[in-house]
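Worksheet for the structure shown next.
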Number of protein chains: 2
Amino acid sequence: MGITDRKEREKQEMRKLIIDAAMEMFIEVGYDKTSIRSIADKIEYSPATIYLYYKDKDELLYEVQGEAFDRLHKHFLKEVTAADPLERLEQLLAAYMTFGLKHPDLYDLMFILRSPMKAVEEEEAWPNCDKEYNFLIDIVKGCIDKLRFTDPMIAATTIWSLGHGIISLYIRGRYKVSKLPDEQIKEMMWQTAKAHIELIKR
Amino acid sequence: MGITDRKEREKQEMRKLIIDAAMEMFIEVGYDKTSIRSIADKIEYSPATIYLYYKDKDELLYEVQGEAFDRLHKHFLKEVTAADPLERLEQLLAAYMTFGLKHPDLYDLMFILRSPMKAVEEEEAWPNCDKEYNFLIDIVKGCIDKLRFTDPMIAATTIWSLGHGIISLYIRGRYKVSKLPDEQIKEMMWQTAKAHIELIKR
DNA sequence: TTTATTTTCTAAACACCGTTTAGTAAATTT
DNA sequence: AAATTTACTAAACGGTGTTTAGAAAATAAA
């Protein structure tokens, strides 16, 4: 049945059209200004049409999150180039942080916002992030003998949590409490990350 | 002028009435269900009245955040009891985490949500958090010679960032990527915190 | 080719939200 | 007792996510 195939293809193309528009708006005008209505406007369809392809906004955002993770992964592949696992770990943390600083709205969607996670609220998994999580775990395993940890999972969790803590506190303006000017705050963040890396080396 | 005094007093009482209602709703039904309209309902005034006492929702939330920080401070004073600064640091991190796990919606307001920070967006300060930040800094300074850091500020930033990273990744469901059941995730979080404390000791 | 059926789309409405405006009622001053 | 200031709210504005009922287009059947 050729027609059924084409219809299925067209359906997928429409879904792609929607999330691409959403992604573009996310980067250009930010999360707050990205509404179902504004996405519909951009692709020149009515808001109701979007609901023929996505059950609700959460589901749509989950798919956009997936795209954002693809971008993060490309960023990792570009930035994490060393052969030595310990060096790779340093590069990974740095790449994680630069991504967050460069695309705060995508970072929000990936690691802070509640909405996109409602799609996996029932499950004990989160496939969107699998690749990047394994990327981290593999690197840590590769140099676990050079780290002051016995369990790779704990080691990975400290690094991720610290990186996320630094970026999210900055993005949400909480380092203001230090009363430092923005540029000194950024410097402190990098020093903190560096200090942690030095700390975990055996 | 006695009447002016009473009027001023009544104005402050009304402001208190509003933020107390907001705080209660925050804890009982969560942020999402706490609207200006629902707060107005609770205190049996019209929504418009709230705008006679607060310029907008952000300003109101900033005040509720202040109350939340008072609660955090009381929690600290109750939990951080040791005399030894290093022990105090451990207790502080643990207290920070237990507060976040016990009151995720207040934690949101204090450390994650954008809205309340709009009140201090222009400034390079954040008075609501001053007391708790100094609490941390003072403890770190008290044991800096026993830590593998030279700068107390960097030491403090690692601890805060790690604690925040752990709690916020958990609250927003991101540790799901590990595919562990909830109870094992919690165990991992505590082990991660403990590992970090061991790591920073000289 | 014409009719019937299925699929695709949207206008309009619903129920919420934060916020403003215009006007009423109460308290205070003259 | 009248004039003025203060405290309050009903109603509206423009926004949100989402649903419904019906039109238009594409496909299948006659």
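First the proteins, then the strands, lettered A, B, ... as listed; each starts at 1. Note: hydrogens, waters and symmetry copies are ignored here, and every other heavy atom, side chains too, is used.
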Length of the line joining [X]:[atom1] and [N]:[atom2], which is rounded to integer Å:
| X | N | atom1 | atom2 | value |
| --- | --- | --- | --- | --- |
| B/Y45 | C/dG18 | OH | P | 20 Å |
| B/L17 | D/dA7 | CG | C1' | 15 Å |
| A/D41 | D/dG15 | CG | C1' | 13 Å |
| B/I50 | C/dT21 | CD1 | C1' | 17 Å |
| B/D32 | C/dC16 | CG | P | 15 Å |
| A/D56 | D/dT19 | CG | C1' | 13 Å |
| A/I18 | C/dC9 | CD1 | C1' | 12 Å |
| A/K57 | C/dC16 | NZ | C1' | 14 Å |

Heavy-atom donor-acceptor pair, A/R37 side-chain to D/dG17 base, under 3.5 Å: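 When only heavy-atom distances are counted, A/R37 does reach the base of D/dG17 through a donor-acceptor pair under 3.5 Å.
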
It should be established whether [X] places a side-chain nitrogen or oxygen under 4.0 Å from OP1 or OP2 of nucleotide [N].
| X | N | value |
| --- | --- | --- |
| B/T49 | D/dC8 | no |
| A/Y53 | C/dC9 | yes |
| A/S46 | C/dC9 | no |

Residue whose nearest DNA chain D nucleotide is more 5′ - A/A48 or B/E10: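 Here B/E10 is the residue nearer the 5' end.
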
Mutual orientation of the aromatic rings belonging to A/F26 and A/Y31 [parallel < 30°, tilted 30-60°, perpendicular > 60°]: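 A/F26 and A/Y31: tilted rings.
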
Pair A/E87, A/Q91: side-chain N/O donor-acceptor within cut-off below 3.5 Å: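 Result is no, nothing qualifies.
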
No-hydrogen, no-angle side-chain donor-acceptor test under 3.5 Å, B/Y175 and A/S161: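 There is such a pair (donor and acceptor under 3.5 Å, judged by atom type) between the side chains of B/Y175 and A/S161.
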
Side chain to side chain donor-acceptor pair (under 3.5 Å) between B/W160 and B/E132, intermediate numbers included: CA-CA 11 Å; B/W160 182 22; B/E132 288 66 37; over 6 Å; no

Any donor-acceptor pair under 3.5 Å from B/R148 side chain to B/I200 backbone: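 Checked: no pair found.
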
Given DNA chain C, 5'-ward residue of the pair B/P47 and A/E44, judged by closest heavy atom: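 This one resolves to A/E44.
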
